[in-house]
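The first residue in the sequence is number 1, and the count goes up from there. One-based numbering, in listed order, for ligands and for the atoms of each.
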Amino acid sequence: MAESVLTATPTAQESNPYVTAQRQFDQAASILGLDAGLRQVLREVRRELTVNFPVRMDDGRIRIFTGYRVQHNLTRGPAKGGIRYHPQVSLDEVKALAMWMSWKCAVTNLPYGGAKGGVICDPSELSPGELEHMTRRFASEISILIGPESDIPAPDVNTNQQIMAWIMDTISMEKGYSVPATVTGKPLSIGGSEGRPAATGRGVMVVTKEACRRLGIDPAEATVAVQGFGNVGSVTASLLHQEGFRVVAVSDVFGGIYNPEGLDLPELLEHARAKGRVQGFAGSRQEISNADLLELPVTILIPAALENQLTMANAGRVKARLVVEAANGPTTPEADDIFDQRGVVLVPDILANAGGVTVSYFEWVQDLQSFFWEEGEINSRLSRIMELAYEQTDALAQEHHATLRMGAYCLAVKRVADATAARGIYP
Ligand code: NAD
């Protein structure tokens, strides 16, 4: 993997995702008038596990990897959240992502708390065998936390169905029997769900259409730029293209492409699959940087890569009318304020990308029941949950004269706070 290309330099405070997550929470807690004790409980993560573990590499040498599993909250059910492999993974990043998972599960009213995991590594530098050994040892190290009743991982940046299959197999081997419900995002052959690989992007498409309907934006007139062309970005772009939106720009870690007339998504997917990057696509008019993409004259901007892409350094130059956060944490609180002042509507991550965890929940339910559903049923249940979450978020945003992010936070934090208050403090 090439060195990450940061698109706008955030300030030190902006660049720590856990500081961002806690600032967002504090703002929602103030709007809700949350009790001081509950505030203290919910603004910190409950458990954080750091593991340093050895892996024998192909050349026979031992290498030590560092990984994390963090559980922010377990009050409404088992913790849920993905596992990320990336050179810049840090404990604070994983803590932020775990907290956002709690709110995401509560926005959609799934009976889960929030968790996240990560390993500091560049998977593109590992052989398939090394990747498998690292994954299996990491799964074993965090097995003291994970399991169908306690904490259920899923894919995130640089992890996929195969990695979920190795985690499921490792936990099953340690138990002595198959435990499919221990992770979601697995291959269909071992208890995965129809619709899961596309679920996050499908959910982003549903909320984008919903936002357009409410803002009076005609999809046929709308242009879209998508930053990140991985699982979430590529599916989002493809589904919006199918729905009649004009996707004019996409990018990945190597850079972006732009064609104001629109990109042919099926052809672009073929190109990206073959070349491992979007640049070099014959249907592009212009090669652009990730920074350029964020400032293009488009109707809708969809960050679908990493955190801290929209900051106080570039938010004032964003021309989109609507920003839909497919990635987790792509916008800093400073950029949020700039968008709010400029009338740019932002659909927040904890709502916009909740489609993935929603179908992960369906997968877990199907595994526990050993009874599997058809894709049509999964997609229609997903749409209903996303539309309801949007409606409830919007209603609270209006009631509190606040942004959609604060509407979603109020919905989520209140649900978790009510559950915490009902259960009381043990012992
Ligand atoms: P992925 O690994 O499949 O894809 C990541 C994409 O981002 C790749 O195209 C990569 O080239 C690109 N990228 C990486 N660094 C970049 C940079 N600095 N600038 C521009 N592009 C860059 O990951 P994914 O699963 O698609 O996840 C993307 C985002 O969506 C993350 O924020 C993740 O937490 C979030 N998310 C993922 C899921 C899921 O189900 N996979 C669910 C909810 C949220």
Salt bridge (Lys or Arg N to Asp or Glu O under 4.0 Å) between Glu391 and Arg213, intermediate numbers included | CA-CA 12 Å; Glu391 190 183 316; Arg213 192 179 65 76; over 6 Å; no

With respect to atom 1 (P) of ligand 1, which of Gly329, Ser289, Gly230, Pro330 exhibits the smallest heavy-atom separation?
-> Gly230

Pull out every atom of ligand 1 sitting under 4.0 Å from any heavy atom of Asn158, numbered as shown with elements.
-> 2 (O)

Heavy-atom nearest neighbour of atom 24 (P) of ligand 1 within options Val253, Val232, Val204, Leu97 = Val232

Backbone N/O of Glu375 and side chain of Glu194: donor-acceptor pair under 3.5 Å = no

Donor-acceptor contact present, side-chain His241 to main-chain Ala237, <3.5 Å = no

Is any N or O atom of Asp156, backbone or side chain, closer than 3.5 Å to an N or O atom of ligand 1?
-> yes

Before signing off on this row, confirm whether Asn231 and ligand 1 have an N or O atom pair separated by under 3.5 Å.
-> yes

Which pair of heavy atoms, one from Tyr258 and one from Ala249, lies closest together, and at what distance?
-> CD1-CB, 3.9 Å

Taking heavy atoms and a distance under 4.0 Å, where does Glu325 meet ligand 1: side chain, backbone, both or neither?
-> neither

Does the side chain of Asp26 pick up a donor-acceptor pair with the side chain of Gln22 at under 3.5 Å?
-> no

For ligand 1, note which part of Asn290 has a heavy atom under 4.0 Å away: side chain, backbone, both or neither.
-> side chain

Check whether the ring centres of His72 and Trp100 lie less than 6.0 Å apart, and answer yes or no.
-> no

For ligand 1, which atoms sit closer than 4.0 Å to a heavy atom of Leu306?
-> 15 (N)

State whether the number of non-hydrogen atoms from other residues, nucleotides or ligands found under 6.0 Å of Lys319 atom NZ is greater than 12.
-> yes

Atoms of ligand 1, numbered as shown, that sit under 4.0 Å from any heavy atom of Ala326 = 30 (O), 35 (C), 44 (C)

Number the atoms of ligand 1 from 1 as they appear, then name those within less than 4.0 Å of a heavy atom of Asn353, with their elements.
-> 43 (C), 44 (C)

Between Glu307 and ligand 1, is there a nitrogen or oxygen pair with a distance under 3.5 Å?
-> no

In terms of atom number and element, which parts of ligand 1 are under 4.0 angstrom from non-hydrogen atoms of Arg196?
-> 40 (O)

May I ask you to list the atoms of ligand 1 that are less than 4.0 angstrom from any heavy atom of Ala304?
-> 28 (C), 29 (C)

Using heavy-atom distances, let me know which of Ala305, Ser360, Ala327 sits nearest atom 7 (O) of ligand 1.
-> Ala305

Could you tell me whether the side chains of Asn379 and Arg384 share a donor-acceptor contact shorter than 3.5 Å?
-> no

For ligand 1, does Thr200 get within less than 4.0 Å through its side chain, its backbone, both, or neither, judged by non-hydrogen atoms?
-> side chain

Sole candidate of Lys186, Gln366, Glu363 that passes side-chain hydrogen bond (donor to acceptor under 3.5 Å, both in side chains) when paired with Ser193 | Gln366

Does a side chain donor of either Tyr409 or Gln24 reach within less than 3.5 Å of an acceptor in the other side chain?
-> yes

Check each heavy atom of Arg84 against ligand 1 and say whether those closer than 4.0 Å belong to the side chain, the backbone, both or neither.
-> side chain

